[in-house]
Amino acid sequence: MSTMTLACAQRMLPVGPGGRPAPDLAGHLAAHGPLAIPIRNDPGWKAAVRRAVAESGLLGRGGAGFPAAAKWDAIDGGRHRPLVVVNAMEGEPASAKDRVLLGRAPHLVLDGAEVAAAVIGASEIAICVADHNDPAAASIEAAIAERRRAGMSVRRISVRRPPGGYVTGEESSLVSWLSSGRALPFLRTDKSVPVTVGRGPALVHNAETLSQVALIARHGPAWSRGLGTTEAPGSTLVTVTGAVSSPGVLEVELGTPVADIVARAGADTELSAVLLGGYGGAWLDAAQLAVPYAPGPLSAAGASQGVGVIIALPRTSCGVAETARIVRYMAGESVGQCGPCIFGLPAIADDLEQLRSGRADAGVVDRIQMRAGTVEGRGACRHPDGVVRLVRSALVVFAADTLDHARGRPCSGRASPTVLSFPEGAAGARRSA
Ligand code: SF4
């Protein structure tokens, strides 16, 4: 997948001499400058960095959008040594931002992890990269080795390789794998209570969040707020795919209209909708694309940034068929712990497949709605909730098409090639292709 940056915001993914990425240490320092992290305990430095991260308004970039500073505060005061976990699992098939960051800016991710570790008093950093993502793992390992040779790191840094999968990158699933070798999500009723690995608290941040921390530690909160809006400061990475001529990862200023983002990725045809936030996100009608890409406005439009994915759907495609493909895939990604997820998601996928084919009974839409209500909020993790969000948005955005399909008059777009991508061999995608 290609990588692009917008002229207004080239913070995380600068290019080196000759327009080429320079992921090595020399290129990193040339692009970003040095970052002094005290080797010994320095309460003044820690307090200044904490303050800077809080004042920057940085929200986690892994999907939940939790304030980064609040996560740091929650770690304080325990008896056991904390661990910093870099979440670069990227379980979302349509996302490429973690992969791009680890490939092009591994030292920025490591800087952020080292800053976070120094602030919370962690002596160890675990970088989690899915077992199928060898290039990203190799890039970050090379960067770690380079820093060791340069005598830059005083902490233990390891690259860990959990099994890839949609749910494995979920925070509780990741710490479960680190603790026991089993990637099983668990219910977290209070997100302000830190997760643990073994007996110690774990600070889990997405790779992009830590890249932002590295920049804020260098340049301060006012610099960080120099882009974006008052409510949504800074820049963020977005993977744009689907009906665009240049699919890839963009670094965009928060608040940029969604229409501008897809246009810059080369939306080369008339769109009927975009999928925002990934496969557990929400469809947005093409008429709503003026909405600023920022948490508040997206929420008001019924969507969210989610994992930073925008998929452009052309008018020649069928939103009902694409939704059916995603739900089949998501049903196959259940970890198999919770009844509503194990049984409810395949049932919704079956209903959507009938709807797609135009051979559904008259009650199919009501049944999908009923099943969505039954699984919502009843999983140990948010996986089923993402499916419910997606399905409900599809029934609204593609309401006219849904009605036609339910009446046995499916559109010709149902036979169009999908604009979505699924991991090779994924169970769901093939069955409703
Ligand atoms: S909700 Fe689904 S994916 Fe999440 S833990 Fe339960 S069975 Fe697994």
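Note that the structure is a prediction, hence the values are computed from the model and not measured. In listed order, ligands and their atoms are each counted from 1.
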Item to check | Glu92 side chain to Tyr279 side chain, donor-acceptor N/O pair below 3.5 angstrom | outcome: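 Their side chains do not contain a donor-acceptor pair, so the 3.5 Å distance test is not met.
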Item to check | With sequence neighbours excluded, residues passing side-chain contact (heavy atoms from CB on, under 4.5 Å) with Arg51 | outcome: Ala47, Ala48, Glu55
Check this for me: does any side-chain nitrogen of one of [X] and [Y] sit under 4.0 Å from a carboxylate oxygen of the other?
X      : Y      : value
Asp385 : Arg378 : no
Arg147 : Asp111 : yes
Glu170 : Arg382 : no

Checklist entry - Which N, O or S atoms belonging to the protein are less than 2.8 Å from atom 4 (Fe) of ligand 1? => result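 Short answer, with waters excluded from the count: Cys381 SG.
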Checklist entry - Do the non-hydrogen side-chain atoms of Val291 and Pro257 ever get within less than 4.5 Å of each other? => result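 No, side chains not in contact.
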Next on the checklist: Within the 4.0 Å heavy-atom shell around Gly336, which atoms of ligand 1 are there?
Outcome noted: 7 (S), 8 (Fe)
